[in-house]
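For reference, the structure discussed in these notes is given below.
Basis for what follows: all heavy atoms, side chains included, without hydrogens, waters or symmetry-related copies.
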Amino acid sequence: MGIINRQKVKQFLISGVYATPEEYLKRKGVKVGGGCMISPCHLSTSEPWLIEIGNYCRIAQGTEFFNHGGIYCLQIQHNDPDLDYFGKIKIGDYVSIGEGCKIMPGVTIGNNVIIGAGSVVTKSIPDGFMVAGNPIKHIGYTDEWYKNLKEKWDLKTGRMNIEDKKKYLLSLDDDKFVKKPYIKAKTEK
């Protein structure tokens with residue numbers, strides 16, 4: 001017997017019960033705005049009604065939302081079973097959240113924000129920021145990124161079908177593609 005992929009089973013179950021991930025979230029109590037593109041994500045909370053997602057947001061697969069946590073040991077240690085805390089999560093409009101991000105309790109994400117894949121969002125993010133990392137760090141501004149894309153990297157493939165896009169991209173020289181710099185070694189003192 002093979003290993004069971006829990007994420008694939010979850011996606012299968014969600015797809016059989018709900019038409020879309022948006023519908024799944026809404027039925028759980030999450031407030032979801034219009035025009036969103038949401039992949040299967042995980043609600044690591046029993047209070048999904050404390051989550052609000054704005055309009056025209058993209059939330060990639062594997063994103064996790066947390067509204068509370070980390071107090072079980074304190075409840076036991078201090079014999080205080082009523083101890084609890086919660087944080088609402090509010091996501092503005094035009095927000096893109098990369099694959100595998102974790103959104104922690106009490107976080108507010110402004111409008112026009114991009115969050116890099118695998119980021120752990122432990123602090124609120126102002127409008128127009130690009131962030132990435134664990135924990136997140138400010139890496140740029142969305143408006144500057146857009147201008148940079150238009151000036152240097154826009155290959156105008158957004159409306160191409162996959163076969164035309166493949167043919168076109170494979171015909172280009174390497175200098176037409178984004179290249180990341182090498183990581184720098186720490187200097188010893």
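In terms of modelled atom types and a separation under 3.5 Å, the side chain of Asn55 and the main chain of Gly34 share a donor-acceptor contact.
Gly116 and Cys101 make their closest contact through O-SG, 3.2 Å (heavy atoms, listed as atom of the first residue, atom of the second, distance). Closest heavy-atom contact between Ile71 and Leu83: CD1-O, 3.2 Å. Nearest heavy atoms, Ala60 versus Ser39: C-CB, 3.8 Å.
Within the structure, side-chain hydrogen bond (donor to acceptor under 3.5 Å, both in side chains) pairs that include any residue of residues 108-130 comprise Asn112-Thr142, Asn112-Asp143 (at least two apart or interchain). Among pairs with a residue in residues 66-82, those fulfilling side-chain hydrogen bond (donor to acceptor under 3.5 Å, both in side chains) read Thr45-Asn67, Glu47-His68, at least two apart in sequence or across chains. Counting only residues at least two apart or in different chains, ring-ring contact (aromatic ring centres under 6.0 Å, His included) contacts with residues 87-133 comprise Tyr56-Tyr94, Phe129-His138, Phe129-Tyr141. For residues 105-122, the set of pairs meeting the salt bridge (charged side-chain N to carboxylate O under 4.0 Å, His left out) definition, not counting sequence neighbours, is empty. Screening residues 158-187 for ring-ring contact (aromatic ring centres under 6.0 Å, His included), with sequence neighbours left out, gives no hits.
Residue Ile139 shares its hydrophobic cluster (ILVMFWY side chains chained together at separations under 4.5 Å) with Ile114, Met130, Trp145, Leu149, Trp153, Val178. Membership of the apolar cluster around Phe86 extends to Trp49, Leu50, as traced through chained side-chain contacts below 4.5 Å between ILVMFWY residues.
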Item to check | Cys36 vs Ile53, side chain to side chain contact (heavy atoms under 4.5 Å, CB included): CA-CA, chis, key distance, verdict | outcome: CA-CA 9 Å; Cys36 292; Ile53 300 169; 4.2 Å; yes

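Residues meeting the side chain to side chain contact (heavy atoms under 4.5 Å, CB included) test with Ser44, sequence neighbours left out: His42, Glu64, Phe66. Every residue meeting the side chain to side chain contact (heavy atoms under 4.5 Å, CB included) condition with Lys165, not counting sequence neighbours, appears here in chain and number order: Thr157, Met160, Leu169. Applying the salt bridge (Lys or Arg N to Asp or Glu O under 4.0 Å) test to Glu144 and every residue at least two apart in sequence or in another chain returns nothing. The salt bridge (Lys or Arg N to Asp or Glu O under 4.0 Å) test applied to Glu99 returns no partner, not counting sequence neighbours. With sequence neighbours excluded, the residues forming a salt bridge (Lys or Arg N to Asp or Glu O under 4.0 Å) with Lys156 are Asp154, listed by chain and number.
From Ser96, atom OG reaches atom CD1 of Ile91 across 11.0 Å, with rounding to the nearest 0.5 Å. A distance of 6.0 Å separates OG1 of Thr63 from CD1 of Ile97, quoted to the nearest 0.5 Å.
Taking the charged nitrogens against the carboxylate oxygens, Lys26 and Glu22 have no contact shorter than 4.0 Å, which rules out a salt bridge.
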